[in-house]
Amino acid sequence: MKSHIVALSVAMACTGAFAQSKSKSSDDSMYASVGYQSGQYANTDLTNLSNANHLVITVGKNMSANYALEGVYASGLSDSSTTSLGTAINLKLTSSYGLYVKPKMKINDSIEVFGRLGYFNSKATISVPAFPALNSDASGTSPSWGLGTSMKFTDTIYGTLDWMQMYKKDGFDVKGLGLSVGYKF
C-alpha cells in the first residue's frame, strides 16, 4: 500500500511539472549577458600555465521553457604565462566564439539549472617577448560543454554562475568558471 501511495505521489508531481512546462512553452524571449571568467589553461608541451581572465558575452534565444540556443563570444583580459628553458611564454585568448544548445530546468520561480553543448572556435596569440620572431597566432574548433545556474533578480535582470570546458584539442585545454549579469528582452 505504501509503495502505491509513493507511486501515485510521483505520478501527480510529474503531471503537475508537465502541465507547468506546457503552459510556459511559448517562452521565445531573447537575452544577453556580460561576464567575467577565470580561465584555466593547460598544454601538454607547456607546464605551469597560469590562469587568465576572460570577458564573456552571451546572446541567446529561448526556444521553449526547456531549451535555448546561444552564441558566446570570449576575449582574454589577461595573458596565461609560463617559463620554458628560462624564457617567458604568454598565451592570450582573442576573438573566440561558441555556438550552443542550452537545455534548462526551473528549480523554482527564481532559479534554473542548465547545461550547454556545442562547439567553440578558439583563437589565441602566443608571444615570446625575448624572441619576437617566435610570436604566432593559433586557432581551432573543438566540442565544448558546460553547466551552470541562473538566478532571476527581477523579471528582466538575472545573474549566472557557470563552468565551461571551452576548448580541448591537440594538447590544449581551456576551461573556466564564470560569473555574469544578463538582461532578458
Side-chain angles (χ1 to χ4, degrees), residues 29-62 67-84 87-104 111-129 132 134-153 156-185:
S29 61
M30 293 190 66
Y31 56 92
S33 67
V34 175
Y36 163 86
Q37 184 184 64
S38 175
Q40 300 168 338
Y41 289 67
N43 180 274
T44 53
D45 297 329
L46 302 172
T47 58
N48 301 322
L49 276 168
S50 65
N51 291 348
N53 302 317
H54 304 148
L55 168 69
V56 179
I57 299 171
T58 304
V59 176
K61 171 133 174 78
N62 287 309
Y67 87 96
L69 299 176
E70 287 187 340
V72 174
Y73 170 83
S75 185
L77 296 173
S78 65
D79 293 352
S80 175
S81 60
T82 189
T83 303
S84 179
T87 303
I89 300 171
N90 300 319
L91 179 71
K92 185 173 186 174
L93 194 68
T94 59
S95 302
S96 299
Y97 62 90
L99 298 172
Y100 298 93
V101 173
K102 178 184 174 185
K104 56 187 180 164
I111 298 174
E112 76 178 17
V113 293
F114 62 86
R116 284 190 184 112
L117 183 60
Y119 283 90
F120 191 76
N121 181 284
S122 181
K123 295 180 183 178
T125 299
I126 301 166
S127 61
V128 184
L134 297 178
N135 293 353
S136 65
D137 293 325
S139 65
T141 302
S142 89
S144 176
W145 62 277
L147 301 168
T149 185
S150 291
M151 181 174 184
K152 186 166 72 169
F153 301 129
T156 56
I157 298 173
Y158 63 92
T160 300
L161 175 66
D162 65 356
W163 179 87
M164 293 290 300
Q165 174 67 60
M166 297 170 79
Y167 185 86
K168 189 169 187 173
K169 186 177 177 184
D170 300 330
F172 278 98
D173 186 1
V174 180
K175 53 190 164 202
L177 183 65
L179 186 61
S180 61
V181 175
Y183 183 81
K184 183 177 174 181
F185 301 97

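With no hydrogens or angles considered, no side-chain donor-acceptor pair links Asp173 and Gln40 at under 3.5 Å. In the model, Glu112 has no side-chain atom that pairs as donor or acceptor with a side-chain atom of Tyr158 under 3.5 Å. Under 3.5 Å, the side chains of Tyr167 and Ser144 contain no donor-acceptor pair of N or O atoms. A donor-acceptor contact under 3.5 angstrom links the side chains of Asn62 and Ser29, judged on distance only. The closest side-chain donor-acceptor pair between Thr125 and Asp137 falls under 3.5 angstrom.
Leu179 has its side chain out of reach of Thr160: every pair of non-hydrogen atoms, C-beta onward, lies at least 4.5 Å apart. Within the 4.5 Å cutoff, no side-chain heavy atoms of Ile126 are placed close to those of Asn135. By the 4.5 Å heavy-atom criterion applied to side chains, Asn90 and Pro129 are counted as neighbours. When side chains are defined from C-beta on, Asp79 does not count as touching Leu91, because their heavy atoms never get closer than 4.5 Å. Using a 4.5 Å heavy-atom threshold, the side chains of Leu177 and Leu161 count as touching. A heavy-atom distance below 4.5 Å is found between the side chains of Asn53 and Tyr36. Val181 places a side-chain heavy atom less than 4.5 Å from the side chain of Ile157. Annotation: side chain of Lys175 is not in contact with side chain of Met166 (no heavy-atom distance under 4.5 Å).
Proximity of a side-chain donor or acceptor of Ser80 to a complementary backbone N or O of Ser50 within less than 3.5 Å is detected.
Counted within 6.0 Å of CZ on Phe153, heavy atoms from surrounding residues, nucleotides or ligands total more than 12; the atom is thus considered enclosed. Environment of NZ in Lys168: sparse, with no more than 12 heavy atoms of neighbouring residues, nucleotides or ligands closer than 6.0 Å.
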For this session: Give the intermediate values and the outcome of side-chain contact (heavy atoms from CB on, under 4.5 Å) for residues Thr149 and Ile111.
Result: CA-CA 7 Å; Thr149 185; Ile111 298 174; 3.6 Å; yes
For this session: Dump the intermediate steps for side-chain contact (heavy atoms from CB on, under 4.5 Å) on Val56 and Val72, then the final yes or no.
Result: CA-CA 7 Å; Val56 179; Val72 174; 3.6 Å; yes
For this session: Report the C-alpha separation of Tyr100 and Phe114 in whole Å, then their side-chain angles, then the decisive distance to 0.1 Å, and conclude whether the side-chain contact (heavy atoms from CB on, under 4.5 Å) test is met.
Result: CA-CA 12 Å; Tyr100 298 93; Phe114 62 86; over 6 Å; no
For this session: Check the pair Val59 / Tyr73 against side-chain contact (heavy atoms from CB on, under 4.5 Å), numbers first and verdict last.
Result: CA-CA 9 Å; Val59 176; Tyr73 170 83; over 6 Å; no
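Close placement of the His54 and Tyr41 rings is indicated, their centers lying within 6.0 Å of each other.
Here the OG1 atom belonging to Thr141 is positioned 9.5 Å from the OH atom belonging to Tyr119, to the nearest 0.5 angstrom. Here Arg116 contributes atom CZ and Leu69 contributes atom CG; the two are 12.5 Å apart, rounded to the nearest 0.5 Å. Atom-to-atom distance recorded for Phe120:CZ and Leu93:CG is 5.5 Å, nearest 0.5 angstrom. Distance check, rounded to the nearest 0.5 Å: CE of Met30 to NZ of Lys61 gives 6.5 Å. Going from atom CG of Asn48 over to atom CG of Asn43 covers 12.0 Å, rounded to the nearest 0.5 Å. Taking CH2 of Trp163 as the reference point, atom CD of Gln37 lies at 10.0 Å (rounded to 0.5 Å).
When all heavy atoms of Ser96 and Ser122 are compared, the pair lying nearest together is OG-CA, 3.5 Å. Nearest heavy-atom pair, Ser180 versus Gly35, reported as atom, atom and distance to 0.1 Å: CB-CA, 3.5 Å.
By the 6.0 Å and 45° rule, Lys184 does not stack over the aromatic ring of Tyr31.
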